Amino acid sequence: MAKFYELTPSERLQALQAKGGISAEQARLYAQDWSLSPSVAGHLIENQVSQWALPLGVLTALPVNGRSHLVPMVTEEPSVIAAANNGARIARDNGGITVTVAPRLMIGEIVFDHLDQLAEAQALVTARQTEIFAQAQAAKPSIVERGGGLQQIDASVLADRFLKLSLFIDTRDAMGANIINTIAEAVGQLVGTWLNQEPLVSVLSNATPNVVKATVNLDPKTLATKDHSGLVIADKIVAASDLALVDPDRAATHNKGIMNGITAVALATGNDTRALETGVHTYASHSGHYLPVSTWQWQGDRLVGTFSAPLIVGSVGGAIGALPMAQQNLAVMGVQSAQDLQQVMAAVGLVQNLAALRALVGPGIQAGHMALQANALAIAAGAVGPEIEAVVQQLHHQSKDLATAKAILQQIKQ
Ligand code: NDP
């Protein structure tokens, strides 16, 4: 029987439907043209003149907290989805991934500059918290009705100069930028009247204490490659992880590989990729030294991988409601809440990292990557339809560059 990746797109949809991963209606929706209607496209952004298409693929079975997820991913980069499936297969063979999410609190910050009596201002704000809570609730009563809203207030002095109020806000299933900004501006105005001064800024922070932690516990035997034993690969993965802890140059690429998967899920679900990525990289640098957001260690004779970072996303709000494909993808993933989505994303990041490190310390990244990159080269050379596959076949045996792809295409056309 043909493997999933060997099927045509419509055969893949049929296979997913046959396995119960998607309904007939979802298969029909995936098969249709997913351009946005002009009115949606024209109202989402300013100066809209066109639309931009990217391919959507699937990670077929991601095991998270005892449940298997079909995960739609949007990316332009070859080998990302193949690697995610590869890493997920290894995780499945080892009992899956366990994910926990810290309470969903986002931070709004209100900062005052040029206060004469900094310590007194700090004490005043701390003493009048009840009024701040009331103002926050009045600014956004609907989030309180949903069980969220302002949970905690901290007042601190920065650099002997700024008075900073941190509002810790539960935004429930929304990523929360607009909710927080609404509350922060209202509270900023109120506190400004007490201090007789307007705040310098009243706005959300893209740093958050809402850290998501994913772990996988592997039998090293399951990591064996054609040329290396599982034990050798596992040892080298631990060494590569240790390297990323002391070498920010390596940590940067280590984390980029993780974001290959996480950002692809964010795009597929209509989330704000900039907010998400800023949150992750801010967390990666919080010690003052850029660190990897996943690490691999020996625990006895098992290899244990841990991903740990905030993932600022929502399952509602922002553009999600306006993008029908985002809603379809959340439904296909079986995601009911922002926490569910964070769990899936953390697990995607971890398996993406596992597959990348296994390739890096084993056969090398380029072996798999360039094989898939051949498709992009063939298309860039001008191949269309069946020519693409014909060019790719020949590129496998030759130098994988644009000039070679063009020469092969010319030969095929003759
Ligand atoms: P929205 O402004 O869309 O707010 C979310 C809304 O979803 C809530 O107000 C609520 O409406 C509704 N909702 C329905 N169900 C739920 C639920 N279960 N939990 C929570 N809310 C629910 O979006 P966000 O506040 O999330 O802001 C995200 C947007 O802000 C993104 O587009 C992002 O790009 C953008 N942004 C990001 C910034 C940053 O990251 N620095 C800065 C500024 C904007 P109701 O009132 O009916 O309860």
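When a ligand or atom number is given, it counts from 1 through the structure's own listing order. Keep in mind the model is a prediction, meaning the values are calculated, not measured. Along the sequence shown, residues carry numbers from 1.
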- Does any N or O in the side chain of Q343 come within less than 3.5 Å of the main-chain N or O of V101, such that one atom is a donor and the other an acceptor? no

- Do any nitrogen or oxygen atoms of A177 come within less than 3.5 Å of a nitrogen or oxygen of ligand 1? yes

- Query: Is it the case that Q189 and E185 place a side-chain donor and acceptor less than 3.5 Å from each other?
  - Reply: no

- Note on the structure: Within 4.0 Å of some non-hydrogen atom of R172, the atoms of ligand 1 are 19 (N), 20 (C)

- Item | Within reach of ligand 1, part of E145 (heavy-atom separation under 4.0 Å) | neither

- Query: At a 4.0 Å cut-off, with the gap strictly under it, does some heavy atom of G176 reach an atom of ligand 1?
  - Reply: yes

- How far is atom 28 (C) of ligand 1 from its nearest protein heavy atom, and which residue and atom is that? M175 SD, 3.7 Å

- Message: Tell me the contacting part of N206 for ligand 1: side chain, backbone, both, or neither, using a 4.0 Å heavy-atom threshold, strictly below.
- Response: side chain

- Under 3.5 Å, is there a donor-acceptor pair between the N85 and Y5 side chains? no

- Ranked by distance from atom 8 (C) of ligand 1, the top protein heavy atom is I179 CD1, 3.9 Å

- Message: Has T404 got a side-chain atom pairing as donor or acceptor with K400's backbone, closer than 3.5 angstrom?
- Response: no

- Contact region, D272 to ligand 1, non-hydrogen atoms below 4.0 Å, reads side chain

- Query: Does any non-hydrogen side-chain atom of V351 lie less than 4.5 Å from one of I90?
  - Reply: no

- For the pair Q393 and E389, evaluate side chain to side chain donor-acceptor pair (under 3.5 Å) and give the outcome as yes or no after the intermediate values. CA-CA 6 Å; Q393 285 304 326; E389 199 48 45; 3.1 Å; yes

- Query: How long is the span from the CG atom in L115 to the CG atom in L200, to the nearest 0.5 Å?
  - Reply: 10.5 Å

- Query: Which residue owns the protein heavy atom closest to atom 19 (N) of ligand 1, what's the atom, and how far is it?
  - Reply: D173 N, 3.0 Å

- Nearest protein heavy atom to atom 6 (C) of ligand 1, by residue and atom, and its distance? G317 CA, 4.4 Å

- Message: Rounded at 0.5 Å granularity, tell me how far CG in L341 sits from CE in M175.
- Response: 12.5 Å

- Judged by heavy atoms only, the candidate from N181, L204, N178, V203 nearest atom 29 (C) of ligand 1 is N178

- Query: For atom 10 (C) of ligand 1, which of R146, Q336, M106, K140 has the closest heavy atom?
  - Reply: R146

- Polar atom proximity, G318 to ligand 1 (N or O, under 3.5 Å): yes

- In V313, V212, L350, T263, the residue satisfying side-chain contact (heavy atoms from CB on, under 4.5 Å) with M345 is V313

- For T171, is the nearest heavy atom under 4.0 Å from an atom of ligand 1? yes

- For A275, is at least one N or O under 3.5 Å away from an N or O on ligand 1? no

- Taking the side chain as every heavy atom from C-beta outward, state whether R172 and I179 have any atom pair closer than 4.5 Å. no

- Got the closest protein heavy atom to atom 46 (O) of ligand 1, with its distance? S142 OG, 2.7 Å

